[in-house]
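Take a look at the structure set out below.
All values below come from the heavy atoms of this structure, side chains included, with hydrogens, waters and symmetry mates left out. Residue numbering restarts at 1 for every chain, and letters A, B, ... go by the order of the sequence lines.
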Amino acid sequence: MRLATWNVNSLKARRGRVEEWIAEHGPDVLLLQETKCADAAFPAGAFSQLGYESACHGDGRWNGVAIVSRVGLTKVRAGFGDRVLSASAECRLISAECDGVRVYSVYVPNGRAVDSEYYGAKLEWLANLRAELDATCDPAAAVALGGDFNIAPEDRDVWDIGEFAGLTHVTAPEREALRDVMAFGLVDVVRRLHPEEAGPFSWWDYRGGAFHKGEGMRIDLVLASAPLAARVTGAFVDREARKGQGSERQPSDHAPVVVDLAP
DNA sequence: ATGGTAGCGCTGCTA
């Protein structure tokens, strides 16, 4: 199974690129974030024509997540289910079962600034994600979370930690909240396959030629339960998809993260 | 130098 995750920064603006990318890379399951797409406007028919089922959770101009699969798509759960949580109103989580794997498309809140209310909401959302895992799946089974976590797990996951003093994405409480999620029993697949490297980065700011200068961050992650992580045969970030060539539309500011799994 | 770019949608917010 080829599993991929991609923050597309508007599915409407990225339709052509996403369809081209699917045709070129043949993901069996593609997890999307920042679709900025209400469920009523989700292009399920376009994915269907490519041979994929889909499930979406979006309400309009911000956020929005989806799962696209050609190996089955059942037991869909949007958001945090029936649990009433103040931080769960936004469309940032959807999960389903695809070919025996429980997959979660995750879009962690940005947090904006450390001294803002949004930073606390980010930490609360991550605690709710851990509770969601405890309530809905088993780390002894095949489980995968893919998405934009808006956290760089280590200093080497940003281009220059000196530029991040006092900023979100690298603070100790955020990293601790991520570790609490992973303590469910999850492995950072790309990091495990690239143990000695910085990055590989998955996001670069649109501004200031950051991609060209290599000023990126590794904030898009695939986290797998131990039984699923044992099936990993390869993992990479597709930097090509971040380039602007060959299309009238801009690329997303995120690159897809791809993980290949043995049966 | 408190900038810069993209998306949404039409004003300024979010990232």
Side-chain angles (χ1 to χ4, degrees), chain A residues 5-21 31-43 46 56-66 79 86-93 105-126 129 146-153 157-160 162-171 174 177-178 201-221 237 239-257:
Chain A
T5 182
W6 195 5
N7 178 323
V8 293
N9 185 20
S10 170
L11 184 55
K12 184 180 177 187
R14 226 66 65 197
R15 265 280 299 283
R17 283 182 175 273
V18 171
E19 291 179 17
E20 288 168 18
W21 192 87
L31 309 175
L32 299 173
Q33 300 88 36
E34 243 188 312
T35 58
K36 297 184 176 178
C37 181
D39 289 345
F42 189 83
C56 56
H57 182 43
D59 61 5
R61 57 195 291 201
W62 291 309
N63 312 311
V65 287
S86 60
S88 67
E90 297 174 331
C91 297
R92 296 180 176 276
L93 182 70
S105 182
V106 178
Y107 181 42
V108 176
N110 175 285
R112 304 193 195 184
V114 172
D115 61 358
S116 73
E117 64 183 293
Y118 301 98
Y119 178 79
K122 179 180 191 175
L123 299 177
E124 182 188 355
W125 196 93
L126 286 158
L129 177 60
D148 176 0
F149 284 77
N150 271 315
I151 297 170
D157 292 318
V158 302
W159 79 92
D160 179 359
E163 297 286 331
F164 283 81
L167 299 181
T168 60
H169 293 59
V170 300
T171 67
E174 287 166 274
L178 177 60
F201 300 149
S202 64
W203 173 88
W204 299 260
D205 200 305
Y206 282 122
R207 297 166 289 189
F211 180 71
H212 180 69
K213 292 190 280 190
E215 296 181 348
M217 305 174 71
R218 191 175 75 92
I219 57 177
D220 299 273
L221 310 176
V237 177
R239 292 171 48 92
E240 291 299 312
R242 180 60 176 79
K243 296 180 179 175
Q245 304 164 348
S247 176
E248 72 284 6
R249 281 283 194 175
Q250 295 297 325
S252 171
D253 46 351
H254 296 253
V257 181

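- For the residue pair A:Thr168 / A:Tyr118, no side-chain donor-acceptor distance below 3.5 Å is found, with atom types taken as modelled.
- A salt bridge between A:Lys243 and A:Glu240 is present, with a side-chain N of the basic residue lying under 4.0 Å from a carboxylate O of the acidic one.
- Side-chain nitrogen and oxygen atoms of A:Ser10 include none within less than 4.0 Å of the OP1 or OP2 phosphate oxygen of B:dA6.
- B:dC13 and B:dG3 are spaced 14 Å apart, taking the P atom of each and rounding to whole Å.
- Rounded to whole Å, the distance from CG on A:Asn150 to P on B:dA15 is 8 Å.
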Please write out the pairs of protein N or O atoms and N or O atoms of nucleotides 10-14 of chain B separated by less than 3.5 Å, giving the distance to one decimal.
| from | atom 1 | to | atom 2 | distance (Å) |
| --- | --- | --- | --- | --- |
| B:dG12 | N2 | A:Arg61 | NH2 | 3.2 |
| B:dT14 | OP1 | A:Arg112 | NH2 | 3.3 |
| B:dT14 | OP2 | A:Arg112 | NH1 | 3.0 |

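- Using a 4.5 Å cut-off on side-chain heavy atoms (C-beta onward), A:Arg242 and A:Val237 make no contact.
- Between A:His254 and A:Leu11, the residue anchored closer to the 5' end of DNA chain B is A:Leu11, taking for each the nucleotide with the nearest heavy atom.
- One atom, CD of A:Glu163, and another, P of B:dT2, lie 16 Å apart when rounded to the nearest Å.
- Atom C1' of B:dT14 sits at a distance of 15 Å from the matching atom of B:dG4, rounded to the whole Å.
- In this structure, A:Arg249 places its CZ atom 9 Å from C1' of B:dG7, rounding to the nearest Å.
- Applying the salt bridge (Lys or Arg N to Asp or Glu O under 4.0 Å) test to A:Arg207 and every residue at least two apart in sequence or in another chain returns A:Asp205.
- For DNA chain B, if you chain together Watson-Crick or G-U pairs that step i with j, i+1 with j-1 and so on, the runs of at least three with distances under 3.5 Å are B:5-8 with B:12-15.
- Applying the side-chain contact (heavy atoms from CB on, under 4.5 Å) test between A:Thr35 and each of A:Leu11, A:Asn7, A:Asn63 identifies A:Leu11 as the sole match.
- One atom, NE2 of A:His212, and another, C1' of B:dT5, lie 17 Å apart when rounded to the nearest Å.
- With sequence neighbours excluded, the residues satisfying side chain to side chain donor-acceptor pair (under 3.5 Å) with A:Asn9 are A:Lys36, A:Tyr206.
- By the ring pair (Phe, Tyr, Trp, His ring centres under 6.0 Å) test, A:Phe164 is found to be paired with A:Trp159, residues two or more places apart in sequence or in another chain being considered.
- Listed by chain and number, the residues in a salt bridge (Lys or Arg N to Asp or Glu O under 4.0 Å) with A:Arg239 amount to none (sequence neighbours excluded).
- Per the geometry, CG belonging to A:Asp205 stands 14 Å off P belonging to B:dG3, to the nearest Å.
- In this structure, CH2 of A:Trp203 is placed 12 Å from C1' of B:dA6, rounded to the nearest angstrom.
- Comparing B:dA15 with B:dG9, their P atoms sit 15 Å apart, to the nearest whole Å.
- Atom NZ in A:Lys213 sits roughly 11 Å away from atom P in B:dT5 (whole-Å rounding).
- Atom-to-atom, CZ of A:Arg207 to C1' of B:dT2 comes out at 12 Å; the value is rounded to the nearest Å.
- Contact check for A:Asp115 versus A:Tyr119: no side-chain heavy atoms found under the 4.5 Å cut-off.
- Considering only side-chain N and O atoms, A:Arg14 lies under 4.0 angstrom from the phosphate OP1 or OP2 of B:dG7.
- Nearer the 5' end of DNA chain B, as judged by each residue's closest nucleotide, is the contact made by A:Ala13, out of A:Ala13 and A:Glu34.
- Aromatic ring orientation, A:Trp21 versus A:Trp6: tilted (interplanar angle from 30° to 60°).
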